[in-house]
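For reference, the structure is listed below as C-alpha cells.
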Amino acid sequence: PIQLNPEIAGITQPYYNGSVVTISGDNFGQNAARIKVLIANGTIPCSNISVSSNGKVITCFVPPGQAENITVAVQVISMRSSDFYFSYIPATCDQCYDIQRECSVDPKTKTVSSCGICIMGFNMTAGHCSALCGDKICMNTFGETNL
C-alpha cells in the first residue's frame with residue numbers, strides 16, 4: 001500500500017507540569033513503533049506513544065515545560081507531517097481571597113486549621129494544579145473548576 005504523509009488536525013493542550021496529549025489527524029498508521037512525535041523539532045520528547053486502531057489518534061506523554069507557539073510534527077517511518085503549533089499554558093491565578101477570616105492555630109504544632117481560601121484563575125484542573133500555603137501544599141482542596 002502507498003503511505004501518505006501524516007496530517008495533524010489538532011492537539012490537546014498539555015499542562016505545564018507534564019501530561020498526556022492527544023493528537024488527532026490522519027495517516028498515522030497502526031504501529032506505534034513506527035511513529036515519532038517531534039515537538040520543537042524533536043528537542044522535547046513525547047514518550048509512551050500509542051495509536052488508535054484506525055490510525056487517526058495518537059496519545060503520548062509530554063514532559064513538564066512552558067512555551068508558546070512550539071511545533072509538533074508526526075513522522076511515520078520517513079513520511080513527516082507539516083508542523084502544527086501549540087502552547088503549554090501554565091495555570092494563572094486571577095483572584096485569591098479568604099472565605100473565612102478567623103483561623104485557629106494549634107499552639108503546640110503551629111498547625112493552622114479551620115481556614116479557607118478561594119482561588120480563581122485559568123487552566124486550573126484537578127490533579128494538575130496545587131495551592132501552596134507558604135511552602136506547604138494546602139490539604140483538602142475541593143470545588144475545582146476548569147473554565
If I take atom [atom1] from residue [X] and atom [atom2] from residue [Y], how far apart are they, to the nearest 0.5 angstrom?
{"X": "Asn5", "Y": "Asp26", "atom1": "CG", "atom2": "CG", "value": "11.5 Å"}
{"X": "Asn27", "Y": "Met79", "atom1": "CG", "atom2": "CE", "value": "8.5 Å"}
{"X": "Glu7", "Y": "Ser24", "atom1": "CD", "atom2": "OG", "value": "11.5 Å"}

| message | Please tell me whether Phe61 and Val37 are part of a single hydrophobic cluster in this structure, the criterion being side-chain heavy atoms less than 4.5 Å apart. | response |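 Different clusters.
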If every non-hydrogen atom of [X] is compared with every non-hydrogen atom of [Y], which pair is closest and at what distance?
{"X": "Val62", "Y": "Cys46", "answer": "CG2-SG, 3.7 Å"}
{"X": "Ala73", "Y": "Ser81", "answer": "CA-OG, 3.4 Å"}
{"X": "Gln13", "Y": "Ser87", "answer": "CG-O, 3.4 Å"}
{"X": "Lys36", "Y": "Ile49", "answer": "CA-CD1, 4.3 Å"}
{"X": "Leu38", "Y": "Arg80", "answer": "CD1-NE, 3.5 Å"}
{"X": "Thr71", "Y": "Phe86", "answer": "O-CE2, 4.1 Å"}

| said: I'd like to check Pro6 versus Gln75 (side-chain heavy atoms, cut-off strictly below 4.5 Å). Are they in contact? | reply: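 Side-chain contact under 4.5 Å: no.
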| Within a strict 4.5 Å, meaning less than it, do heavy atoms of the Val74 and Ile35 side chains meet? |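 Val74 vs Ile35: side chains touch.
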| request: Tell me yes or no: between the side chains of Thr22 and Thr59, is some donor less than 3.5 Å from an acceptor? | output: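 Side chains of Thr22 and Thr59: no pair found under 3.5 Å.
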| request: For side-chain contact (heavy atoms from CB on, under 4.5 Å), just list the numbers for Ile70 and Ile39, CA-CA rounded to whole Å, side-chain angles, deciding distance to a tenth of an Å, and then say yes or no. | output: CA-CA 7 Å; Ile70 58 175; Ile39 299 176; 3.9 Å; yes
